Amino acid sequence: MRALLVVNPAATTTSARTRDVLIHALASEMKLDPVTTEYRGHARDLGRQAADEDVDLVITLGGDGTINEVVNGLLHEGPDPDRLPRLAVVPGGSTNVFARALGLPNDAVEATGALLDALRQGSERTVGLGLAAGTPGSEDEGVPARWFTFNAGLGFDAGVVGRVEQHRERGKRSTHSLYLRQAIRQFLGEPHRRQGTITLERPGADPVTDLVLSIVCNTSPWTYLGNRPVYASPKASFDKGLDVLGLSRMSTASVARYGTQLLTSSPERGPHGKHATSLHDLTDFTLHSKVPLPLQMDGDHLGLRTSVTFTGVRRALRVIV
């Protein structure tokens, strides 16, 4: 088996010594080509190269951002599970939502052992992914399409991600407390929290208007706070389309209520109430905003958008589990 290992040297939870040990373990089982990323987008370029060459497996050693880049490289010509290399992930980030949603251990060493066992047993699954693109006829129609593995968001949560990225660029570590602090600051500075600017449109249904927050989920949980899973859309699944949680009010009282519901959420129940809209298993829909809002995918801030069209693509990529 010929495998490409994409290593993010800035991965939050792995040291150089740990990475060397994992590389040695993987190389003992396959023909391994380890490559360390050197710039933003390098993992995407490596994934694209692997898709065009005779590579059987691409392994990522890093966080969700590294995985997202590799996936976008692998699928640069569209999904083709029978032809494209399989994907395997070894978690090395601070949250590792995609790896944990697949049921993998959150420890890099344990996950490597589980990966090797899965390869010996031929254990894999084909997962669905989300695709987001600029909406035709809008000012964002020229924005290239981009794949995401577990979630996307337009509005409030993307603003939080953007704030966290600014702090990381100044040398701060990505921690859960940093996210919580920036969420509070985003709320205090949110100009549209009482009257949302987002409209969700989908074929065959009335539009959902005046949303302040829109979270798109490709799997469940939505994220983790330490070891606690947080379920924005509990029914979301890699085997179905996309789920959406929208909130039309973010007053102090409603934030306290929905924040508590998120922290106490479970696989059976997520946020609910008269200002909450939950949609399940959507294939195509569009989010429009009256004003430019931040967009994030898989925890990566992508700038401001006014209109984004989402597609849930079933059976997009084979993954080792």
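Keep in mind it's a predicted model, so treat the numbers as computed, not measured.
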| query | Would you say the side-chain atoms of N218 pair up with the backbone N or O of A236, donor to acceptor, closer than 3.5 Å? | reply | no
| query | Roughly how far, to the nearest 0.5 Å, is the OG1 atom of T219 from the CG atom of L242? | reply | 11.0 Å
| Donor-acceptor contact below 3.5 Å, side chain S237 vs main chain D239 | yes
| said: Applying a strict under-4.5 Å side-chain criterion to I, L, V, M, F, W and Y, I'd like to know whether V97 and V321 cluster together. | reply: yes
| field | N72 side-chain N/O to R146 backbone N/O, donor-acceptor pair under 3.5 Å | value | no
| task | Using the rule that two of Ile, Leu, Val, Met, Phe, Trp, Tyr join whenever any of their side-chain heavy atoms come within less than 4.5 Å, decide whether V109 and I320 are in one cluster. | result | yes
| query | Does any non-hydrogen side-chain atom of F238 lie less than 4.5 Å from one of F98? | reply | yes
| Side chain to side chain, P85 and L57, heavy atoms closer than 4.5 Å | no
| said: Please confirm whether the ring centroid of F310 lies under 6.0 Å from the ring centroid of F285. | reply: yes
| Closest non-hydrogen atom pair between P136 and T309, with its separation | CD-OG1, 4.4 Å
| Who passes salt bridge (Lys or Arg N to Asp or Glu O under 4.0 Å) against D56, sequence neighbours left out? | none
| No-hydrogen, no-angle side-chain donor-acceptor test under 3.5 Å, D140 and T306 | yes
| query | Are D281 and R314 close enough, and set up right, to give a salt bridge (charged side-chain N to carboxylate O under 4.0 Å, His left out), and what steps lead you there? | reply | CA-CA 11 Å; D281 195 14; R314 291 171 171 81; 2.5 Å; yes
| Any side-chain heavy atom of H24 sitting closer than 4.5 Å to one from D20? | no
| request: Evaluate the side-chain contact (heavy atoms from CB on, under 4.5 Å) criterion for residues W222 and L262: first the C-alpha distance (whole Å), next the side-chain angles of each, then the deciding distance (0.1 Å), finally the verdict. | output: CA-CA 10 Å; W222 165 50; L262 278 170; 4.1 Å; yes
| query | Taking side chain as C-beta onward, heavy atoms only, is V35 less than 4.5 Å from V6? | reply | no
| task | Side-chain contact test, heavy atoms from C-beta onward, threshold under 4.5 Å: evaluate it for S265 versus V230 and give yes or no. | result | yes
| said: Under a 3.5 Å distance rule, please check whether R83 uses its side chain to pair with a backbone N or O of A51 as donor and acceptor. | reply: yes
| Would L22 and V7 count as a side-chain contact (heavy atoms from CB on, under 4.5 Å) if you check the C-alpha gap in whole Å, the side-chain angles of each, and the deciding distance to 0.1 Å? | CA-CA 11 Å; L22 300 184; V7 181; over 6 Å; no
| request: Please answer: with hydrophobic residues joined when any side-chain heavy atoms are less than 4.5 Å apart, are V244 and F148 in the same cluster? | output: yes
| message | To the nearest 0.5 Å, what is the distance between OG on S214 and CG on L279? | response | 11.0 Å
| said: With side-chain contact (heavy atoms from CB on, under 4.5 Å) as the criterion, how do H76 and D52 come out once you've worked through the C-alpha distance, each side chain's angles and the decisive distance to 0.1 Å? | reply: CA-CA 10 Å; H76 72 282; D52 296 334; 3.3 Å; yes
| field | Under 3.5 Å donor-acceptor, D45 side chain and G73 backbone | value | no
| Is I215 reachable from L225 through a run of hydrophobic residues whose side-chain heavy atoms are each under 4.5 Å from the next? | yes
| request: Tell me whether L295 is reachable from L200 by hopping between hydrophobic residues (I, L, V, M, F, W, Y) whose side-chain heavy atoms are closer than 4.5 Å. | output: yes
| field | Between OG1 on residue T66 and NE2 on residue H42, distance to nearest 0.5 Å | value | 11.5 Å
| said: Give me the atom names and distance for the closest heavy-atom approach of I59 to M30. | reply: CD1-SD, 3.9 Å
| Just wondering, do D300 and E69 contact through their side chains at under 4.5 Å, heavy atoms? | no
| query | Where do P267 and Y231 come nearest, in terms of heavy atoms and distance? | reply | CG-OH, 3.5 Å
| task | Could you tell me whether the side chain of R48 reaches within less than 4.5 Å of the side chain of R44, counting heavy atoms only? | result | no
| message | How close do H301 and P294 get, counting heavy atoms only, and between which atoms? | response | NE2-CB, 3.5 Å
| request: Would you indicate whether the side-chain heavy atoms of T197 and L293 approach each other to under 4.5 Å? | output: yes
| message | With a 3.5 Å distance limit and no angle check, can you tell me whether S233 reaches the backbone of K235 through a side-chain donor-acceptor pair? | response | no
| task | Can you spot which of L61, L32, L119 makes a side-chain contact (heavy atoms from CB on, under 4.5 Å) with L26? | result | L32
| said: Could you check whether any side-chain N or O of Y258 sits under 3.5 Å from a backbone N or O of H275, counting only pairs where one atom can act as donor and the other as acceptor? | reply: yes
| query | Any side-chain donor-acceptor pair under 3.5 Å between T209 and T199? | reply | no
| CZ/R17: more than 12 non-hydrogen atoms of other groups inside 6.0 Å | no
| note | In terms of heavy-atom contacts, V313 and P79 come closest through CG1-CG, 4.1 Å
| message | To the closest 0.5 Å, what do you measure between CG (L75) and CG (L131)? | response | 9.0 Å
| Donor-acceptor pair, side chain of R100 and main chain of T95, under 3.5 angstrom | yes
| field | salt bridge (Lys or Arg N to Asp or Glu O under 4.0 Å) involving R2 - partner list, sequence neighbours excluded | value | E53
| field | Whether over 12 other heavy atoms sit under 6.0 Å from R228 CZ | value | no
| Rounded distance (nearest 0.5 Å) linking atom CG of N96 with atom CG of D107 | 10.0 Å
| request: Report yes or no: does N68 contribute a side-chain atom to a donor-acceptor pair with the main-chain N or O of T149 at less than 3.5 Å? | output: no
| Just wondering, are more than 12 heavy atoms of other shown residues or ligands nearer than 6.0 Å to CZ in R318? | yes
| query | Can you check whether V208's main-chain N or O pairs, donor with acceptor, with R202's side chain at less than 3.5 Å? | reply | no
| message | Checking K274 against R249 for the side-chain contact (heavy atoms from CB on, under 4.5 Å) test, could you report, in this order, the C-alpha distance in whole Å, the side-chain angles of both residues, the deciding distance, and whether it holds? | response | CA-CA 9 Å; K274 70 175 184 177; R249 179 72 63 85; over 6 Å; no
| message | How close do L154 and I198 get, counting heavy atoms only, and between which atoms? | response | O-CD1, 3.4 Å
